[in-house]
Structure formats: C-alpha cells, structure tokens
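Only one structure is covered here, and it is reproduced in the block below.
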Amino acid sequence: MICYMKEYILLLPIIFIFHDMEEVVGFGYFFKKNPDLYDRFPRVLKAYRDFKTEGFAAAVYEEFIPFFGVSLLAYYFPNKILLSMWYGLFLALSGHFIIHIGQTIYLKKYIPSFVTSLICLPVSVNILFRCTRIMTFDVIEILTIILSVMFMMANLKLAHMLAHFVNGRMHVEENVG
C-alpha cells in the first residue's frame, strides 16, 4: 500500500495551493464587484463582510499547514494512520471543490475558485480512487479518515477566526496610521 500511494502524497499540498491562489487573488475584486451578495446571503457571507486580502491569505496559510504537514509526515514516515489522515484531508479538499462548483452554479456567475475547482476535482477524484484501491479500509483507517475530515471542517472555523483577527489588526493600523 505504502509504496503505491507515495507517488501521490505530495500532490495534496500542491493542488491545495494551486486552487487557493485563485481565491486569494480573486476574492477581493469579486466582493467589491458584487456587494449585493452580502444582502442576499447575510448569514453565509457574514465571515467575509470585512474582507481583506491579507486576512484571507493568513487563513489560507493556516489551512495549508495541515495539508503540508500531514503530507510530509506521510511521505517520509508512511504508516496506516498518516496515510489515512492524508486520505481524509484529500477527501475534505475534494468536497471543498464540489462546494465551490455548486456555489457557482447556484449564483449563476463566476466566483474565484471555480476554474481551479473544475481542474482539480477530476484530478483529485482520480487520485482518491487510485488510493482507494490500495487501502484496506479497516476500522482504524475509516475512523482516521472521518476524524481528518472533521478536523478540516473545524480548522476552517479557525482559519476564519484568524482572518478576522488579521483584518481587525489591519483596520486598527489603518485608523492609527
């Protein structure tokens, strides 16, 4: 199992960064051009009301740490737990792509993240499928995968908190300076 998965392991952080750079570069402009979205979806967009690229970039960096860290550990110290964690993180990222594609379809307009989601989703599904054929999916692997997906969902909340913190600091510095 280990030697076959190793060729895919470092693709997780690469795919994550490729996708999230579209978000970092595009969301500031997107929110400026679409202020009506805040009124149409106030609960959903509450987290983005005071959007600043610096805060969003900090959140992306924070999200990158588990993807990169688990991938490096799984690459250099491959074992059932680390490979299952990696699989769970990749599964969470693939779900992230599906959400962005759904958002674009629902809004009927391009959102930053759509193009790379379209590119990355088939690649990610192919990698997951290939690794699925290799894994045993015993109780330990399944629990580790589920916990890894749940961790990334909770980590998204932490990333949003970090973005708000950085944005708040930027706001204070703008008002002082």
Side-chain angles (χ1 to χ4, degrees), residues 8-72 85-129 131 148-175 177:
Y8 303 114
I9 290 174
L10 296 179
L11 290 174
L12 174 60
I14 292 168
I15 290 171
F16 171 80
I17 283 299
F18 175 68
H19 166 72
D20 269 55
M21 288 303 101
E22 180 185 13
E23 292 180 326
V24 169
V25 169
F27 266 120
Y29 180 75
F30 175 75
F31 286 131
K32 285 179 185 164
K33 293 294 281 183
N34 295 284
D36 62 305
L37 292 177
Y38 293 112
D39 297 325
R40 288 177 54 201
F41 307 101
R43 288 185 61 209
V44 175
L45 291 177
K46 179 182 172 191
Y48 301 99
R49 172 88 38 205
D50 299 318
F51 181 89
K52 288 187 176 35
T53 300
E54 295 85 353
F56 190 70
V60 167
Y61 180 69
E62 187 280 330
E63 286 185 297
F64 177 71
I65 292 169
F67 288 117
F68 186 62
V70 168
S71 296
L72 276 182
M85 288 172 65
W86 174 87
Y87 188 91
L89 297 183
F90 219 132
L91 197 58
L93 182 61
S94 298
H96 179 79
F97 299 147
I98 292 168
I99 289 169
H100 284 315
I101 292 168
Q103 290 168 330
T104 299
I105 292 168
Y106 183 78
L107 292 175
K108 297 180 179 120
K109 63 170 62 182
Y110 164 79
I111 61 169
S113 67
F114 177 68
V115 172
T116 54
S117 291
L118 281 179
I119 293 167
C120 294
L121 183 61
V123 173
S124 299
V125 168
N126 184 30
I127 291 168
L128 287 167
F129 178 72
C131 293
S148 297
V149 170
M150 291 171 61
F151 169 79
M152 287 313 294
M153 291 168 68
N155 190 57
L156 183 59
K157 180 75 173 162
L158 177 64
H160 281 145
M161 290 169 50
L162 178 62
H164 284 295
F165 174 78
V166 171
N167 289 341
R169 298 291 299 167
M170 297 292 297
H171 183 70
V172 167
E173 290 177 14
E174 287 171 0
N175 289 335

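Side-chain contact check for F67 versus L93: some heavy-atom pair is nearer than 4.5 Å. Side-chain contact between V123 and F18 is absent, with no heavy atoms from C-beta onward closer than 4.5 Å. Counting heavy atoms from C-beta outward, F56 and F31 have side chains that stay 4.5 Å or more apart. The closest side-chain heavy-atom distance from E23 to D20 is below 4.5 Å. With contacts defined as side-chain heavy-atom distances shorter than 4.5 Å, the pair L10/L72 qualifies. At a threshold of 4.5 Å between non-hydrogen side-chain atoms, the residues H96 and M152 do not count as touching.
Partners of V25 according to the side-chain contact (heavy atoms from CB on, under 4.5 Å) rule, which considers only residues two or more places apart in sequence or in another chain, do not exist here. Partners of Y110 under the side-chain contact (heavy atoms from CB on, under 4.5 Å) rule, at least two apart in sequence or in another chain, are E22, P112, F114, V115.
Smallest separation of non-hydrogen atoms from A163 and A59: CB-CB, 4.0 Å. Minimum interatomic distance between Q103 and I111 (heavy atoms only, all atoms of both residues): OE1-CD1, 3.4 Å. The nearest pair of heavy atoms linking V24 to T53 is O-CG2, 3.8 Å. Across all their heavy atoms, H19 and C120 have their closest contact at CB-SG, 4.4 Å. Of all heavy-atom pairs between G88 and S148, the closest is CA-CB, 3.9 Å. Closest heavy-atom contact between A58 and V166: CB-CG2, 3.8 Å.
To the nearest 0.5 Å, atoms NZ (K157) and CG (L162) are separated by 13.0 Å. Atoms OH and CD1, on Y8 and I15 in that order, are 11.5 Å from each other to the nearest 0.5 Å. The line from CZ of F90 to CZ of F16 is 12.0 Å long, rounded to the nearest 0.5 Å. Separation of atoms CG (L118) and CD1 (I101) is listed at 4.5 Å; rounding is to 0.5 Å. In this structure, CG on L37 lies 5.0 Å from CZ on F30, to the nearest 0.5 angstrom. Put simply, CG on L89 and CD on E63 are 11.0 Å apart, with the number rounded to the nearest 0.5 Å.
Taking the six-membered ring where the residue is Trp, the centroids of H160 and H164 are separated by 6.0 Å or more.
Without hydrogens or angle criteria, N155 side chain to F151 main chain gives no donor-acceptor distance under 3.5 Å.
Counted within 6.0 Å of CZ on F51, heavy atoms from surrounding residues, nucleotides or ligands total more than 12; the atom is thus considered enclosed.
Counted by atom type alone, S117 and H100 present zero donor-acceptor pairs between their side chains at under 3.5 Å.
For residues 25-41, every residue pair satisfying the side-chain hydrogen bond (donor to acceptor under 3.5 Å, both in side chains) rule, not counting sequence neighbours, is listed here: N34-K109.
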